[in-house]
Protein chains: 2
Amino acid sequence: MSEDRRVRRTRRLIQEALVALILEKGYDAVTVTDIIDRADVGRSTFYAHFTHKQEVLLSNLDEMAFLHPTPATDAGRLFAFSLPMFEHVQEQERLVRALLGRHGGGPVIARGEQMIAELVRGDLLAAGGRSSAALDLLVVCVVGAFMGLLRAWVNGETTATPTELDAAFRAAVEPGVRAILNRP
Amino acid sequence: MSEDRRVRRTRRLIQEALVALILEKGYDAVTVTDIIDRADVGRSTFYAHFTHKQEVLLSNLDEMAFLHPTPATDAGRLFAFSLPMFEHVQEQERLVRALLGRHGGGPVIARGEQMIAELVRGDLLAAGGRSSAALDLLVVCVVGAFMGLLRAWVNGETTATPTELDAAFRAAVEPGVRAILNRP
DNA sequence: CGATATAACGAACACTGTGTTTCATAGTGA
DNA sequence: TCACTATGAAACACAGTGTTCGTTATATCG
């Protein structure tokens with residue numbers, strides 16, 4: 001029932017090779033030829049599994065479990081996802097730096113933004129916000145602030161701990177959010 | 001004293017061709033060959049003026065005057081740059097969409113972020129903030145929120161007017177900022 | 001274990017795009 | 001007018017992509 005062992009092996013080798021190469025040269029500089037050399041895998045084999053370089057990148061996303069965090073939204077607490085996510089990111093530092101970092105692929109960041117936008121939107125609605133154009137703009141601002149912090153850490157522009165990042169995020173954003181929610 | 005007329009002509013043709021092509025196909029899909037075909041310019045001529053595709057992109061930045069806005073910081077008013085910048089962006093819609101949009105080049109966004117970060121930082125210091133790691137994180141949040149709105153508009157995800165964007169930005173961010181500035 | 005399916009290999013291929021070179025031509029500024 | 005130099009055209013080596021095909025290796029299942 002489970003996949004052929006050779007298939008799993010090949011896919012894993014290719015994914016690992018890409019991550020290693022991104023950390024060395026940056027995503028853009030990595031070629032398919034690089035990947036198959038590093039993975040020690042035939043060219044035709046690569047294209048039997050992936051059609052593009054980017055597909056390998058996105059296939060890695062499924063293993064970044066922290067992007068699908070428990071929606072354990074404490075009822076009263078806004079943005080409960082924040083601290084756990086910063087912590088998960090710190091744990092998987094190597095992988096995250098490769099995928100999200102300065103040299104990582106833009107597509108991954110775009111996906112991450114979408115996922116977080118959904119979380120934020122859910123939180124705001126749960127906290128009494130009413131679906132509207134203004135709420136969408138608020139979501140954009142909150143997500144922007146969060147992703148900004150994430151990027152700053154990933155790119156080594158700050159050495160703050162997850163707790164500090166979480167605190168900075170809440171301090172910057174919560175007052176405005178609460179003010180808006182309390183009188184729409 | 002002034003440059004050779006042929007040089008000006010060639011550079012202008014190339015820049016215009018790139019903008020037009022980005023709007024049609026997206027930055028990544030545009031090749032140097034595309035550009036010189038569209039600009040009707042010899043291959044060697046292109047490389048006599050620019051070494052990379054990206055250089056053409058950045059050469060366009062100098063003409064985006066709104067990125068160097070008047071630092072007309074009303075003393076008491078935080079983020080005075082916000083509304084004027086949204087307005088300028090709206091005016092230069094075509095160029096901005098090409099350079100900053102979903103299909104525009106990442107480098108331009110990175111530069112824009114830097115510029116805005118400096119503005120924000122200056123504003124916060126002028127408003128009584130003290131230089132610190134915490135302030136840097138706050139700057140990151142504020143810039144993230146602003147760029148988020150800018151990107152949302154550029155990508156057509158919102159039809160809000162400059163005034164509305166400015167209002168959303170301030171509403172989301174100002175309360176938190178003021179709270180932090182008032183008791184560090 | 002053995003038979004069958006199928007994954008992987010490796011080499012070759014056409015194709016697209018890059019960046020360089022060379023040289024004749026045409027436009028420019030003094 | 002005249003010296004200067006930007007341009008255009010063509011050809012080039014090079015690197016990377018994505019496909020094809022015959023052979024070999026190795027899972028999986030009976």
Side-chain angles (χ1 to χ4, degrees), chain A residues 1-60 62-63 98-99 103-108, chain B residues 1-60 62-63 98-99 103-108:
Chain A
M1 204 81 258
S2 90
E3 249 180 339
D4 195 317
R5 183 189 306 160
R6 290 170 293 180
V7 173
R8 287 194 305 273
R9 188 187 98 101
T10 298
R11 294 182 66 92
R12 184 177 47 79
L13 286 175
I14 290 176
Q15 288 172 338
E16 288 174 358
L18 177 59
V19 169
L21 286 165
I22 290 176
L23 288 170
E24 291 172 19
K25 314 169 53 174
Y27 177 74
D28 287 332
V30 177
T31 68
V32 172
T33 305
D34 288 336
I35 299 174
I36 63 181
D37 283 353
R38 176 67 59 100
D40 200 15
V41 145
R43 184 169 205 78
S44 49
T45 304
F46 177 92
Y47 284 106
H49 290 280
F50 303 98
T51 64
H52 300 302
K53 196 178 47 160
Q54 174 175 324
E55 212 170 291
V56 185
L57 201 64
L58 295 180
S59 79
N60 258 315
D62 301 332
E63 301 166 19
L99 298 188
H103 300 301
V108 179
Chain B
M1 204 80 258
S2 89
E3 250 179 338
D4 193 317
R5 182 189 305 159
R6 290 169 296 179
V7 173
R8 287 195 305 273
R9 188 187 100 103
T10 298
R11 293 182 66 93
R12 183 176 48 77
L13 285 175
I14 290 176
Q15 289 172 336
E16 289 174 358
L18 177 59
V19 168
L21 286 165
I22 289 176
L23 289 169
E24 289 172 20
K25 313 171 54 175
Y27 176 74
D28 287 331
V30 176
T31 68
V32 172
T33 305
D34 287 336
I35 299 174
I36 64 181
D37 283 354
R38 176 68 59 99
D40 200 14
V41 144
R43 185 168 205 78
S44 50
T45 304
F46 177 92
Y47 284 106
H49 289 281
F50 304 98
T51 64
H52 300 303
K53 198 177 46 159
Q54 175 175 324
E55 212 170 293
V56 185
L57 201 64
L58 295 179
S59 78
N60 257 317
D62 301 332
E63 300 166 19
L99 298 188
H103 300 300
V108 180

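Each chain gets a letter, A, B and so on, in the order its sequence line appears, and its residues count up from 1.
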> Where along residues 45-54 of chain A does a heavy atom come under 4.0 Å from DNA chain C, residue by residue in number order?
Replying inline: A:T45, A:H49
>> Give me the atom names and distance for the closest heavy-atom approach of A:D28 to A:K53.
In response: O-NZ, 3.8 Å
> C:dT18 P sits how many Å from B:D28 CG, rounded?
Replying inline: 12 Å
> Say you draw a straight line from CD of A:E24 to CD1 of A:I22; how long is it, rounded to the nearest 0.5 Å?
Replying inline: 10.5 Å
>> At 4.0 Å (heavy atoms only), tell me whether A:R6 reaches a base, stays on the sugar-phosphate, or touches nothing.
In response: base
>> Main chain of A:E3, side chain of A:R8: is a donor-acceptor contact present, judged purely on distance under 3.5 Å?
In response: yes
> Roughly, in whole Å, what's the span from CG in B:D4 to P in D:dA3?
Replying inline: 18 Å
> Which nucleotide, D:dG18, D:dA6, C:dT18, lies nearest any side-chain atom of A:V32?
Replying inline: D:dG18
> Quick one: is D:dA6 close enough that its OP1 or OP2 comes under 4.0 Å of any side-chain N or O from B:T10?
Replying inline: no
>> Measure CD1/A:I35 against C1'/C:dC9 and give the value in whole Å, please.
In response: 18 Å
>> With heavy-atom distances below 4.5 Å as the criterion, would you say the side chains of B:V32 and B:F50 are in contact?
In response: no
>> Working note: A:T33 + A:R43, criterion side chain to side chain contact (heavy atoms under 4.5 Å, CB included); need CA distance, chi angles, decisive distance, verdict.
In response: CA-CA 8 Å; A:T33 305; A:R43 184 169 205 78; 3.5 Å; yes
>> Quick check on the helix from C:dC1-D:dG30 to C:dA30-D:dT1: what's the angle between its two end axes, five base pairs per end, to the nearest 10°?
In response: 40°
> Would a 4.5 Å heavy-atom cut-off, applied to side chains only, mark B:R11 and B:I14 as touching?
Replying inline: no
> What do you reckon, is CZ of B:R12 surrounded by more than 12 foreign heavy atoms closer than 6.0 Å?
Replying inline: yes
>> Taking side-chain hydrogen bond (donor to acceptor under 3.5 Å, both in side chains) as the criterion, tell me which of B:Q54, B:Q15, B:H49 meets it with B:S59.
In response: B:Q15
>> Rounding to an integer number of Å, can you tell me how far A:D37 CG sits from C:dA11 P?
In response: 12 Å
> Do B:T31 and B:D34 touch side chain to side chain, with heavy atoms closer than 4.5 Å?
Replying inline: yes
> Between atom CZ in A:R11 and atom C1' in C:dA7, what is the gap in whole Å?
Replying inline: 13 Å
Pairwise N/O distances under 3.5 Å, protein to nucleotides 9-12 of chain D:
{"residue": "D:dA9", "atom": "N6", "partner": "B:S44", "partner atom": "OG", "Å": "2.9"}

>> Using the rule side-chain contact (heavy atoms from CB on, under 4.5 Å), only one of B:L13, B:L18, B:V41 pairs with B:I35; which is it?
In response: B:L18
> To the nearest angstrom, how far is B:K25 atom NZ from C:dT16 atom C1'?
Replying inline: 12 Å
>> In this structure, how many angstroms lie between the P atom of D:dA6 and the CG atom of B:L13, rounded?
In response: 16 Å
> Nearest-Å distance, CZ (A:R5) to C1' (C:dA5)?
Replying inline: 16 Å
